[in-house]
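Everything numeric here is computed off the predicted structure, so don't read it as measured data.
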Amino acid sequence: MSLRNEFSAVGASSRIAITAALIAAALPAAAWAQDAAPAEEEPSADTIVVTGYRASLLNAINQKRNAEQIVESVSAEDIGKLPDASIAESIARLPGLTSQRVNGRSNSIAIRGFAPDFSTTLLNGREQTSTGDNRAVEYDQYPSEVVSAVNVYKTPMASLVGQGLSGTVDMRTIRPLEAGKRIISVGARGSYADLGKLNAKSDDMGYRANAMYVDQFADDTIGIALGASYNNEPYQIKEYNAWGYSDLANGDRVIGGAKAMVTSTKLKRMGLNGTLQWQPTPNLTTTLDAFYSNFKDDQIKRGIEMPLAMDDTPVLSATTVENGLVTAGEFSGVKALARNDLYQRHAKLYSFGWNTKWEGDNGWTAFFDASYSKTDRSELSIETTAGTGRNTIGAYDTIGFTTGTKGSMFSSGLDYGDYDTILLTSPQGWGGTQIAPDGTSIINGQDGYYNNRKIKDELWQFRTEVGHEFESGPLHSFQVGLNYTNRSKSLVPEEYFLGLAANTDGLTSVAVPQEYRLGATDLSMYGLGSVISYDPAALVRDGIYNRVANPYGDVVVKSYEIRERLMTAYFQGNIDSDIGSAHLTGNFGVQAQWTDQNSIGATAVQLGTADNGSPIIGGEVRNASTDYLDVLPSLNLSLRFPSDTVIRFAAAREIIRPRLDDMRASLSWSYTIADGVAQATGSSGNPDLRPWRANALDLTIEQYFGGKGVIAAQFFWKDLKSYIYNTDLTVPTDGLALQDPGQGIPVSDTAQLNVPINGKGGKLYGVELATTLPFETFISALDGFGITGSVAYTKSKIQATPDSPSGDLPGYSKWVANGTAYFEKWGFNARGSVRYRSTFLGEVSGFAANRVRRRAASETIVDAQIGYDFQAGSALEGLSLYVQGQNLTNAPFITTNPGDTREVIDYQTYGRRFLAGFTYKF
């Protein structure tokens with residue numbers, strides 16, 4: 001049964017009309033170049049027109065029902081009106097999906113227990129570059145207001161190019177000719193962060209605005225869609241971070257050091273998209289797409305860092321111990337650091353596409369598609385320190401602590417908000433004396449660090465396909481296509497030590513000049529009073545600090561460039577046949593994917609020592625390539641019964657290519673100080689890595705209720721034939737370009753090098769139960785009420801390393817659940833949403849903006865919304881007003897040591913967010 005017939009049957013039984021624009025927006029990714037939307041039929045006088053959130057649910061149900069794959073969907077009304085900060089939060093409510101929060105907002109998606117790197121994201125069916133270091137798209141780049149629908153494909157098919165191992169996310173923008181009518185809409189909302197202004201010069205209120213215009217001209221042969229969205233919103237964060245926990249001589253554990261910080265973020269984003277369609281004849285359609293995002297995420301972090309048990313000087317006393325963990329005590333002789341750190345993440349994303357499609361009268365079809373995606377990103381971090389004096393000069397503090405479920409609370413004997421006591425300096429003397437090859441230097445400790453990472457990501461894609469539809473027989477049609485993708489991604493770091501220009505003798509500290517002082521930042525939530533506040537970028541700009549280039553090999557080897565060339569050929573046959581009273585649809589096919597990957601990096605080589613004592617470091621370029629072939633068969637079958645039951649079965653070979661940073665041909669080094677010896681530990685990529693590969697089976701049973709509701713049970717099983725894990729190799733340090741650890745500390749004769757390699761074996765399987773139930777389906781008196789939600793259980797038998805227990809894959813949560821209860825009638829709407837995920841291995845920001853993995857605790861997020869849509873006949877028809885609340889329970893983000901969950905590493909609170917806004921549709 002065709003989509004038109006299937007939808008007409010639903011309409012006949014339920015007498016519900018859904019606009020053609022929404023139907024077109026929810027078409028499958030593989031159909032974007034093959035299938036046009038049905039013409040919109042005028043509703044009869046007694047037709048009930050369902051709009052708003054209920055319309056989006058009905059649209060998702062019909063998309064799921066008519067799809068030939070296992071698919072989950074959200075549409076424009078769902079995205080635009082749910083209390084979500086990003087598209088990621090909207091699709092995180094779908095069955096088997098969840099997200100990780102970064103800086104208080106969701107920006108990446110995990111599907112079926114796999115981290116974001118195991119899925120791929122498309123825009124209008126085309127692969128996209130990423131603002132992250134790897135393949136995973138960060139969804140805060142895409143304004144929800146300019147996206148009309150998102151489809152998440154959990155099973156692959158041969159004509160779906162760019163598919164992932166865990167799933168494929170396809171974001172759709174509106175097609176103006178398929179919309180069939182003029183659409184003009186504007187909207188705006190204000191936001192309030194209830195943590196308040198944690199830092200000087202920060203905001204707790206913001207706004208976002210958007211507009212959309214869709215129209216058709218020249219007898220509906222030309223269509224245009226233009227959308228714009230601007231976002232200027234603050235986020236406030238309380239961040240506790242422990243260095244780790246140390247073993248005492250008696251075997252007890254105690255906090256080794258901590259940072260108590262507050263972060264203020266200003267997120268600004270301009271998103272623009274446009275689509276131009278031309279249909280000179282009914283058989284020929286050409287479409288031009290463009291998308292642009294200018295993203296700025298500026299953060300300021302202020303707080304106090306306290307070296308405790310992991311430092312040699314502090315003395316622990318007056319302890320309270322509970323089951324081997326020191327929960328209270330006092331450290332004397334602490335040289336704490338006042339921190340003022342800046343982090344700026346700026347990215348520009350460009351995406352263009354051109355598609356021409358021809359549909360012959362004899363059943364033949366063809367299309368050609370060309371697209372280009374580019375991301376330019378810079379990440380600047382400036383870390384600065386202050387204290388009572390340089391290195392061993394100045395007063396020491398006595399720090400009391402109480403360790404509990406939220407980390408540690410502290411007491412202090414010094415006032416870190418006093419500009420006469422706390423001076424710009426290097427309180428610990430970290431880094432010692434550093435001399436660059438050009439002679440610039442810092443003496444007796446660095447006063448900060450400057451790191452600017454520049455990333456470029458570029459992707460070209462060309463695709464052509466020919467298909468033919470048969471008039472009869474079980475083989476309804478076939479498609480043959482060829483796709484070529486060329487992607488390159490590079491990273492170039494610029495790293496400098498910061499040293500006070502006035503410190504020419506190794507003894508000097510400097511009070512913050514009066515014109516740079518911003519008062520004091522409150523840290524009473526940690527028991528620490530306050531800390532001095534200033535703009536570190538201004539001090540660098542105005543020459544208070546000198547920048548001394550980091551000459552060591554760990555900077556040289558951070559640069560890399562990865563290039564991938566993929567040629568994909570595919571064949572897909574589409575099935576449409578009656579089996580008794582049931583109807584069988586689906587597809588079968590195969591992809592052949594040739595991959596040529598190349599990695600350029602460097603190994604640092606010490607060439608000698610300059611006259612001033614600075615090491616002369618060179619980069620030995622490493623250029624490595626490999627190529628391989630993957631054959632990816634796939635099968636999707638849907639057996640549709642007259643009882644509105646659909647049983648689906650899918651089988652496929654699935655792959656996802658390695659993380660880009662795992663493929664880098666580079667080496668980098670750092671130190672761990674133990675027993676007075678510096679142990680060098682390094683990491684290297686592996687240009688010869690092969691993809692993760694899995695054989696997958698899916699079985700889904702779906703029961704529909706008159707096109708209004710659905711209950712579905714999805715069972716999946718993935719047998720990994722290859723995976724990637726990291727292992728340690730022991731190498732001699734002789735000849736390595738290693739930084740002097742300072743303070744006369746010797747370097748060990750051997751180093752540990754961590755390298756990713758391909759492993760074998762492992763399974764992941766689970767079940768997802770999902771439902772959308774409008775209560776009027778069963779009780780007419782409850783018209784307008786309903787629920788939608790899901791619960792997913794995933795079992796992992798994949799080992800992160802051959803010797804580790806199963807279940808350690810990044811992003812894996814055993815349980816994921818979400819639910820929304822809603823009421824929508826007479827223009828009034830109200831809904832509440834809950835998202836839950838069990839503990840998982842997440843990624844957080846580490847030193848020098850690098851991402852590090854930590855065990856995250858389970859979390860439950862609660863959001864809600866109420867609103868009113870002015871009804872037909874009203875003077876304000878088309879106006880919608882709403883009030884939203886996000887994270888209403890102020891759920892924290894927590895990471896802990898794997899061995900003891902009482903050992904809290906991160907405890908971040910983002911506060912509640914309240915929003916009020918409107919949309920107006922002409």
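- Nearest heavy-atom pair across Lys489 and Asn134 is NZ-O, 3.0 Å.
- The aromatic rings of Tyr484 and Phe462 sit parallel to each other, their planes meeting at less than 30°, with 60° as the upper class boundary.
- A donor-acceptor contact closer than 3.5 angstrom links the side chains of Arg690 and Thr626.
- Atom OG of Ser351 and atom CG of Asn124 lie 8.0 Å apart (nearest 0.5 Å).
- Annotation: Asp627, atom CG; neighbour count of heavy atoms from other residues, nucleotides and ligands within 6.0 Å is above 12.
- Salt-bridge formation is not detected for the pair Lys154/Asp698: no Lys NZ or Arg NE/NH1/NH2 atom is positioned less than 4.0 Å from an Asp or Glu carboxylate oxygen.
- Under the side-chain hydrogen bond (donor to acceptor under 3.5 Å, both in side chains) test applied with Arg126, the options Asn355, Asp369, Asp170 reduce to a single match, Asp369.
- Using a cut-off of 4.0 Å between Lys/Arg side-chain N and Asp/Glu carboxylate O, Asp133 and Arg664 are scored as not salt-bridged.
- Between Ser625 and Pro687, the closest side-chain pair of non-hydrogen atoms is not below 4.5 Å.
- Closest approach of Ser148 to Thr173, counting heavy atoms only: OG-C, 3.5 Å.
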**Request:** Could you go through the side-chain hydrogen bond (donor to acceptor under 3.5 Å, both in side chains) check for Thr356 and Trp354 one step at a time?
**Result:** CA-CA 7 Å; Thr356 295; Trp354 170 55; 3.3 Å; yes

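- Under the 4.0 Å criterion applied to side-chain N and carboxylate O atoms, Asp289 and Arg175 are assigned as salt-bridge partners.
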**Asked** Given Ser373 and Thr129, is the side-chain hydrogen bond (donor to acceptor under 3.5 Å, both in side chains) satisfied, shown in steps?
**Response** CA-CA 6 Å; Ser373 179; Thr129 54; 2.9 Å; yes

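- Ion pair Arg487/Asp457 flagged as a salt bridge, since at least one NZ, NE, NH1 or NH2 atom sits closer than 4.0 Å to an Asp/Glu carboxylate oxygen.
- Within 6.0 Å of CH2 in Trp278 there are 12 or fewer heavy atoms belonging to other residues, nucleotides or ligands.
- For the pair Arg693 and Tyr628, the cation-pi criterion (under 6.0 Å, within 45° of the ring axis) is fulfilled.
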**Prompt:** Given the rule in the side-chain hydrogen bond (donor to acceptor under 3.5 Å, both in side chains) test, do Glu465 and Gln572 qualify, once you have shown the distances and angles that lead to the verdict?
**Reply:** CA-CA 11 Å; Glu465 181 184 287; Gln572 179 175 304; over 6 Å; no

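- A pairwise comparison of heavy atoms in Pro658 and Ile724 identifies CB-CD1, 3.7 Å as the closest pair.
- The pair Arg377-Glu379 meets the salt-bridge criterion, since a charged nitrogen lies less than 4.0 angstrom from a carboxylate oxygen.
- Of all heavy-atom pairs spanning Gln63 and Ser73, the tightest one is CG-OG, 2.9 Å.
- Across Asn574, Thr585, Asn636, a single residue satisfies side-chain hydrogen bond (donor to acceptor under 3.5 Å, both in side chains) together with Glu68, and that is Thr585.
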